[in-house]
Amino acid sequence: MYRTHVLVCGGTGCTSSGSAQIIETFKQEIKKNGLEEEISVVQTGCHGLCAEGPVVIIQPEGIFYARVQADDVEEIVAEHLLKGRIVERLVYHDAKKFDGYASLNETVFYKKQHRIALRNCGVINPESIDEYIGTGGYEALGKVLTEMTPDEVIQTILDSGLRGRGGAGFPTGLKWKFASGNRGNVQKYVCCNADEGDPGAFMDRSVLEGDPHVVLEAMAIAGYAIGASQGYIYVRAEYPIAVERLNIAIGQAKEYGLIGKNIFDTGFDFDIELRLGAGAFVCGEETALMTSIEGNRGESRPRPPFPAVKGLFESPTILNNVETWANIPQIIVNGPEWFSSMGTEKSKGTKVFALGGKINNTGLVEIPMGTTLRTVIEDIGGGIPNGKKFKAAQTGGPSGGCIPAEHFDIPIDYDNLISIGSMMGSGGLIVMDEDTCMVDIAKFFLQFTVDESCGKCTPCRVGTKRLLEILEKITSGRGTVEDIDKMEELCYYIKENAQCGLGQTAPNPVLSTLRYFRDEYMEHVVNKHCPAGVCKKLITYKIDPIKCKGCTLCARNCPVDAIEGSVKTAHSIDTSKCIKCGTCIDKCRFGAIYKE
């Protein structure tokens with residue numbers, strides 16, 4: 001029995017910052033000091049506060065060390081683990097109190113969260129089935145197989161109010177009910193969408209890396225509910241840590257008899273296989289995903305028939321994303337009333353967001369539905385860096401929209417976001433400050449959509465390309481007021497005529513920025529000016545002759561020799577040569593160079 005556990009984040013973010021070496025160094029130092037029998041080093045999944053990684057948590061004290069490097073480990077072992085003296089300089093700043101140290105859940109970042117889907121992430125070793133079982137893992141599967149009928153399982157999910165966390169928010173229990181007919185007489189499938197493709201999104205990846213068994217358990221429960229014997233997890237190959245831990249989890253679950261033949265001696269068979277995706281965004285759409293699993297080019301299919309009737313290999317199929325699956329076991333164990341007591345009337349439970357962009361606390365958060373955007377950004381997220389003002393938040397990725405400052409206090413749930421021209425999406429939340437050009441943001445997401453369109457239908461293949469061309473025209477200073485009207489008309493045409501969700505939602509970033517930031521579009525086309533100073537062809541670099549000290553630093557660093565002037569005299573910029581790279585602004589120590 002260990003007296004102390006050293007939890008080291010092994011998610012992608014901390015791994016890229018050297019957490020593997022930190023783990024190895026801890027093991028070496030602990031062995032060198034003869035502490036192997038007393039202290040355990042545990043590689044966990046993501047703790048959530050990615051901005052402060054690599055993260056190390058010492059339990060049972062709950063001390064939160066932030067931005068730890070391998071060189072710090074010897075001191076932590078010598079001082080904290082041997083002598084009981086906390087290494088003050090490494091403690092996460094918000095965990096410091098006048099009379100001691102706050103626990104993880106008492107810090108501002110964590111105390112307004114409620115972790116259900118992420119309950120084991122950062123807590124257990126994701127490569128140990130015993131640790132998952134030790135936190136109640138596979139209890140839900142045992143319960144449904146020995147105490148509940150398939151219809152009772154479906155009714156439990158219906159009563160919970162759980163809606164799909166992949167974007168559309170369709171009631172999960174209703175999807176299962178549609179596919180539940182003819183149990184035992186028809187081959188059916190259960191699929192997991194782990195093809196997370198939104199820019200800036202890493203919610204599903206983190207669950208797979210930190211708690212892979214929860215997805216296996218949930219899929220087996222769904223297989224029992226609808227009468228399916230085979231499951232597939234479609235995960236993008238760019239998630240190597242998630243893929244490795246899923247493979248380990250599947251092997252362990254089979255060894256323990258928790259997936260495979262005759263689970264819990266009930267006669268129920270359910271197997272799971274991985275299928276790796278090549279990173280096509282369109283394969284996040286359910287029919288395109290199933291087409292890809294079948295070994296064909298990832299293209300969407302017309303609906304109806306819906307997958308619950310005719311899906312994978314033309315058989316009844318249900319598909320949910322990783323976060324949706326991560327909620328299922330807890331609903332079974334704690335009951336539907338427990339889950340539905342959280343959130344809002346039509347959006348029950350919690351939602352995981354990947355918080356990124358112009359925000360101090362970038363990372364992974366899980367909040368009750370109905371939490372306001374202000375709470376997420378100002379409290380949990382720690383506000384905007386450098387004293388800048390909040391301008392907008394983008395939710396739903398390329399399929400979503402931008403939420404302006406006027407809706408800063410909107411409660412986040414499915415219906416509220418749709419009412420203001422955005423959507424929940426899978427959970428990416430990108431924060432933008434006053435230096436962001438909203439026309440450029442719309443162009444960025446359109447570029448992504450154009451690249452990722454499967455090309456099957458004309459409205460998406462051609463329509464999004466025409467939209468992008470107009471946006472490029474506007475940001476280069478060649479746009480007209482008529483272009484804005486034309487673009488808006490084209491947006492609605494694409495929404496109404498594209499075949500699948502990718503095309504139907506592709507215009508959302510344009511429509512939402514037009515709705516709330518039309519004045520920026522007008523500034524681009526009428527005055528040929530980018531107010532945020534982002535669109536290069538619409539800005540000019542200038543030197544304030546009063547502030548300029550003639551130090552020549554800007555001239556010496558200009559890559560195209562566009563700056564003229566002698567020592568101790570005010571310099572000037574030759575705009576015909578200037579490539580607007582911004583080097584001069586970065587190098588100027590007197591704030592003399594500005595964009596206009």
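Everything numeric in this text was worked out from a predicted model, so none of it was measured.
Listed for the Asn361 side chain is a donor-acceptor partner under 3.5 Å among the backbone atoms of Ile380. In this structure a side-chain-to-backbone donor-acceptor pair under 3.5 Å is present from Gln504 to Gln499. A donor-acceptor pair under 3.5 Å is formed between the side chain of Ser347 and the backbone N or O of Tyr414. Within the 3.5 Å criterion, the main-chain N or O of Asn320 finds a donor-acceptor partner in the side chain of Trp325. The backbone N or O of Arg301 sits less than 3.5 Å from a side-chain atom of Thr287, completing a donor-acceptor pair. Under a 3.5 Å cut-off, the side chain of Thr291 and the backbone N or O of Gly298 do not form any donor-acceptor pair. With hydrogens and angles disregarded, a donor-acceptor distance shorter than 3.5 Å links the side chain of Tyr516 to the backbone of Ile420.
Atom OH in Tyr189 sits 12.5 Å away from atom CE in Met219 (nearest 0.5 Å). Rounded to the nearest 0.5 angstrom, Lys595 NZ and Cys584 SG are separated by 10.0 Å. Note: Leu467 CG to Leu471 CG = 6.5 Å, rounded to the nearest 0.5 Å.
Within the 4.5 Å cutoff, side-chain heavy atoms of Met438 are placed close to those of Cys402. Put simply, the side chain of Arg205 does not reach to within 4.5 Å of the side chain of Leu208, judged on heavy atoms. Two residues are said to be in side-chain contact when any heavy atoms from C-beta on lie closer than 4.5 Å; Val376 and Leu355 meet this criterion. Side-chain contact check for Ile367 versus Thr350: every heavy-atom pair is 4.5 Å or farther apart. At a threshold of 4.5 Å between non-hydrogen side-chain atoms, the residues Glu488 and Arg518 count as touching. Residues Ile412 and Phe353 meet the side-chain proximity criterion, which asks for heavy atoms closer than 4.5 Å.
In terms of heavy-atom proximity, Ser426 sits nearest to Asp198 at OG-OD2, 3.3 Å.
Cation-pi geometry between Arg163 and Phe170 is not met: the NZ or CZ atom fails to fall both under 6.0 Å from the ring centre and inside 45° of the normal.
Counting only residues at least two apart or in different chains, side-chain hydrogen bond (donor to acceptor under 3.5 Å, both in side chains) contacts with residues 379-402 comprise Lys112-Asp379, Lys388-Asp435, Lys391-Glu520, Thr395-Ser422, Ser399-Thr505. For residues 440-457, the set of pairs meeting the side-chain hydrogen bond (donor to acceptor under 3.5 Å, both in side chains) definition, not counting sequence neighbours, comprises Lys443-Thr475.
Checking Asp586 against Thr583 by side-chain atom types alone, no donor-acceptor pair falls below 3.5 Å. Under the 3.5 Å distance criterion, with hydrogens and angles disregarded, no donor-acceptor pair is assigned to the side chains of Thr107 and Tyr92.
Between Arg115 and Glu366, none of the side-chain N atoms (NZ, or NE/NH1/NH2) sits under 4.0 Å from a carboxylate O, so this pair counts as no salt bridge.
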